[in-house]
Amino acid sequence: MRSWPAPEVPNLPEAGLPGPALPLHLHDTATGTVRPTRPGPTARMYVCGITPYDATHLGHAATYLAFDLVNRVWRDGGHKVCYVQNVTDVDDPLLERAEQTGQDWRELADREIALFRDDMTALRILPPDHYVGAVEAIPLIVEMIERLRSRGAVYEVNGDLYFPISADPDFGRVSGLTTEQMLPLFAERGGDPQRRGKKDPLDALLWRAQRPGEPSWESPFGPGRPGWHVECSAISIHHLGMAFDVEGGGSDLAFPHHEMSASHAQVATGRHPHAKAYVHTGMVGLDGQKMSKSLGNLVFVSRLRADGADPMAVRLALLAHHYRSDWEWTGEDLPRATARLERWRAAVQLPAGPPAAAVAAEVRRHLSQDLDAPSALVTVDRWAEQALADAGERDPAAPAQVRAVVDALLGVAL
Ligand code: 5CA
Ligand code: ZN
């Protein structure tokens, strides 16, 4: 599937800010600790993409922005990055929305994916190298189910195929939850613990046999459509192999989605782990609840843009919250970020400012420590304040260099 255009990323050493870039540390859900990522020359990252039945809201944007920072920090450290993202372009919520609104599910998906691309472009999020839809990945998914079947890790319930969690001795290692904690989350997040005929209530659907009125694709196990977890499992290992550096998404994906995807991959390949780190963003809320398509309490990026918000102010508003915290969007976020953006822009237009090397070093340090973007913003605030106060040492190269730091590492074009 077509991705979106890449923004330019300034090279900081070429801008006279050689570093050192520090190794990126991230919080890993599986161990519950902040650990260094240790990518090879090419860092490998998979981030779960949208289910395109509604426009991009600020929760989605915050999540993709967090992994955009991962991408930028790795690049600054001299790594190439192979970044893969999926689009769940066939699944229950999409089909249900299309049915309710009398639209063709493909047209609905295409329209929302186009809007998502525009939002990501406006927010200057680096595009994935492989942007892969579930529908186009069906051959990969079928192959993965075949691999699971050859390992005895598939059984049938009235024509539908299931994955027995008992096939993976490491099941539960991603989320660290107990069975009692898993069961309600599984029911809430697309699972079917009550279905009769399953060997374990937590076993996950791999292939849903064709139902009247639903789209389906041919396969060696009859016409049908893929389950959700096997989609991300198949796409990620096809493009990245096993033990890739980061698997990412919102905290609502830790269980069951990333747990199940990891189990499928581990059983299909006989290797462990699926990802070296499972990184989860906090939930963005509005009016006391998680912002979600099903609740309808959404602030859309496209709406803010249409109302005249500068996308760079939206980006700064999101960066002001730590990626792992749950937080609420309020009427204050955007005006505060707009004022900050104006101050920074005024400062980088001055003929000189305080030297930029310390700003680069501090922004690098904050981001390397589990993406502390809020502290990185304060570093730039202080520089801008001093620059505008016309105090202390002045360096004519500094404004352009700070502009390069803010662009390369924070993705904000001043
Ligand atoms: N297609 C699946 C992933 S394979 C899916 O979860 N799609 S989604 O459209 O519901 O969400 C897309 C991404 O945004 C996921 O990583 C999800 O965890 C994240 N997300 C959804 N709602 C919020 C929110 N309120 N705050 C932060 N992130 C969110
Ligand atoms: Zn996913």
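Atoms within each ligand, like the ligands themselves, are counted from 1 in listed order.
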With a 4.0 Å cut-off on heavy atoms, is Ser251 in contact with ligand 1?
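It does not, in that no heavy atom of Ser251 comes within the 4.0 Å cut-off of ligand 1.
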
Looking only at heavy atoms of Ala62, does any of them come nearer than 4.0 Å to an atom of ligand 1?
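Judged by the 4.0 Å heavy-atom criterion, Ala62 does not count as contacting ligand 1.
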
Output yes when the distance from some N or O of ligand 1 to some N or O of [X] is under 3.5 Å, and no in every other case.
X: Asp252; result: yes
X: Trp228; result: no
X: Met283; result: no

If we check side-chain hydrogen bond (donor to acceptor under 3.5 Å, both in side chains) with Asp370, which of these qualifies: Arg324, His25, His27?
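With Asp370 as partner, side-chain hydrogen bond (donor to acceptor under 3.5 Å, both in side chains) holds for just one option, Arg324.
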
Do you know which of Ser261, Ser236, Ser263 makes side-chain hydrogen bond (donor to acceptor under 3.5 Å, both in side chains) with His274?
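With His274 as partner, Ser261, Ser236, Ser263 yield a single side-chain hydrogen bond (donor to acceptor under 3.5 Å, both in side chains), made by Ser236.
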
Side chain of Ser233, backbone of Ala265: donor and acceptor closer than 3.5 Å?
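Side chain of Ser233 to backbone of Ala265: a pair is present.
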
With a 3.5 Å distance limit and no angle check, can you tell me whether Gln85 reaches the backbone of Pro128 through a side-chain donor-acceptor pair?
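Looks like no, no N/O pair under 3.5 Å.
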
Residue [X] vicinity, atoms of ligand 1 by number, heavy atom under 4.0 Å:
X: Cys48; value: 3 (C), 4 (S), 16 (O)
X: Leu253; value: 6 (O), 15 (C), 16 (O), 18 (O)
X: Gly282; value: 26 (N), 27 (C)
X: Asn86; value: 4 (S)
X: Gly249; value: 16 (O)
X: Thr88; value: 1 (N), 2 (C), 4 (S)

The Zn ion (ligand 2) to nearest N/O/S of His229 below 2.8 Å
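No, His229 does not qualify, because none of its backbone or side-chain N, O or S atoms lies under 2.8 Å.
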
If the cut-off is 2.8 Å, does any N/O/S atom of His258 fall short of it from the Zn ion (ligand 2)?
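Looking at His258, which is the residue asked about, there is no N, O or S atom under 2.8 Å from the Zn ion (ligand 2).
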
Pair [X] + [Y], salt bridge at N-O below 4.0 Å:
X: Asp307; Y: Arg303; result: yes
X: Glu214; Y: Arg208; result: yes
X: Asp407; Y: Arg124; result: yes

Plane angle bin for His257 and His229 - parallel if under 30°, tilted between 30 and 60°, otherwise perpendicular:
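It falls in the tilted class, 30° to 60°.
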
Report the residue from Trp228, Tyr162, Phe221 that forms a ring pair (Phe, Tyr, Trp, His ring centres under 6.0 Å) with Trp207.
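Between Trp207 and the candidates, ring pair (Phe, Tyr, Trp, His ring centres under 6.0 Å) is satisfied uniquely by Phe221.
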
Under 4.0 Å, heavy atoms only, figure out whether ligand 1 is touched by the backbone of [X], its side chain, both or neither.
X: Glu231; value: neither
X: Val284; value: both
X: Val47; value: neither
X: Cys232; value: side chain

By the definition side-chain contact (heavy atoms from CB on, under 4.5 Å), identify the one residue from Val135, Asp91, Ile138 that meets it with Arg225.
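Going through Val135, Asp91, Ile138 one by one, the side-chain contact (heavy atoms from CB on, under 4.5 Å) with Arg225 is satisfied by Asp91 alone.
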
May I ask which of His257, His57, His60 has a heavy atom nearer to atom 14 (O) of ligand 1 than the others do?
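Looking at heavy atoms only, the winner is His60.
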
Checking Lys199 against Tyr155: charged group under 6.0 Å from the ring centre and within 45 degrees of the axis?
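Yes.
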
